[in-house]
Every structure is written in structure tokens, then in C-alpha cells.
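Contents: one structure, followed by commentary.
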Amino acid sequence: MGLFKKNAAATVIDTVQPGLVMLEDGTIVHITKEVNAIGSTCPGPQLKTLKAIGEAVSGDVVSIRIDNPASLETVVPMCGDLGATHLGTLNEGRSWHVLLQKNE
């Protein structure tokens with residue numbers, strides 16, 4: 001589950017415009033909900049992610065902004081338990097933009 005290991009999910013390439021991001025495969029996804037976990041330490045980002053995915057409806061894309069490496073290490077592996085799919089992560093220098101999609 002290492003922070004720097006390549007995972008099977010697509011990589012987020014860039015923000016196309018507010019609310020839209022492009023994945024490595026060229027797919028553009030619409031962000032339905034944004035969670036700001038900047039400055040939060042464990043378990044803050046995990047709890048915010050749990051709440052956001054719990055409130056989302058099937059197909060919603062939730063963006064979680066994290067600046068704590070330990071939180072990033074735990075949020076992505078939580079997807080299976082949350083009923084979500086990790087679409088990708090964009091490294092934004094001192095923080096990460098993690099995209100999760102609520103499963104059907």
C-alpha cells in the first residue's frame with residue numbers, strides 16, 4: 001500500500017476547469033463533491049472521506065484534498081470498505097487531490 005507505488009487506478013493528469021478533471025486515459029470526470037482535509041491529521045481526513053462517500057449517490061465523484069502523507073496512505077485503501085473506486089490521485093506539490101467514485 002506504499003505511497004509511491006503505482007496502483008491500478010488511472011492517474012489524474014490535470015484540472016480541466018473547476019469541477020472537471022482529466023484522467024490519464026483521457027476520460028474527463030465531473031467532481032460532484034469536494035472535501036477539504038488540508039491541515040487535518042489522522043483520523044480527520046478518513047472521517048471526512050467516510051462522511052462524504054456516505055452522503056454521495058451512486059456515480060458521484062468525490063474529491064478529497066489531503067496534505068498529510070499518512071492520511072493519503074489510508075484513504076485510498078479504504079475504498080473497498082466504503083463502496084467506492086479510486087479513480088486517481090493528482091500530486092499538487094505539497095498536497096494531493098484524491099478522486100473517489102461512489103459505486104453502484
Side-chain angles (χ1 to χ4, degrees):
M1 129 170 59
L3 179 62
F4 300 105
K5 291 182 182 174
K6 181 83 172 160
N7 61 16
T11 302
V12 179
I13 293 182
D14 200 3
T15 301
V16 177
Q17 65 182 28
L20 297 177
V21 295
M22 182 184 295
L23 302 179
E24 186 176 53
D25 65 0
T27 304
I28 296 176
V29 294
H30 178 261
I31 297 170
T32 317
K33 182 174 186 117
E34 291 214 31
V35 174
N36 183 357
I38 299 293
S40 295
T41 58
C42 296
Q46 294 84 346
L47 294 173
K48 289 179 181 186
T49 300
L50 178 65
K51 181 178 180 189
I53 294 294
E55 293 172 349
V57 297
S58 178
D60 280 357
V61 176
V62 178
S63 164
I64 301 102
R65 295 200 181 258
I66 298 173
D67 64 349
N68 181 306
S71 294
L72 181 64
E73 284 281 338
T74 59
V75 166
V76 174
M78 289 173 38
C79 289
D81 294 334
L82 296 176
T85 301
H86 176 233
L87 297 178
T89 301
L90 175 64
N91 184 327
E92 297 181 320
R94 299 177 79 175
S95 65
W96 294 271
H97 180 166
V98 181
L99 295 177
L100 306 178
Q101 185 171 34
K102 175 84 176 234
N103 295 337
E104 309 265 334

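Predicted model, so just to flag it, every value in this text is computed and none were measured.
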Which distance, rounded to the nearest 0.5 Å, do you find between the [atom1] of [X] and the [atom2] of [Y]?
| X | Y | atom1 | atom2 | value |
| --- | --- | --- | --- | --- |
| Thr85 | Asn103 | OG1 | CG | 3.5 Å |
| Asp67 | Asn36 | CG | CG | 8.5 Å |
| Ile66 | Ile38 | CD1 | CD1 | 8.0 Å |

Looking only at non-hydrogen atoms, find the nearest pair between Ser40 and Ser71 and report the distance. O-OG, 4.4 Å
If you compare all heavy atoms of Gln46 against all heavy atoms of Cys42, which two are closest, and at what distance to 0.1 Å? NE2-SG, 3.2 Å
Candidates Val76, Leu90, Leu87 - the one meeting side-chain contact (heavy atoms from CB on, under 4.5 Å) with Val98: Val76
Check whether any side-chain heavy atom of Cys79 sits under 4.5 Å from a side-chain heavy atom of His86, and report yes or no. yes
What donor-acceptor contacts under 3.5 angstrom involve side-chain atoms of residues 53-64, with partners at least two apart or in another chain?
residue: Glu55; atom: OE1; partner: Lys33; partner atom: NZ; Å: 2.9
residue: Asp60; atom: OD2; partner: Val57; partner atom: N; Å: 3.0
residue: Ser63; atom: OG; partner: His97; partner atom: NE2; Å: 2.7

Identify whether Met22 and Leu20 are in the same connected component of the hydrophobic contact network (ILVMFWY, side-chain heavy atoms under 4.5 Å). yes
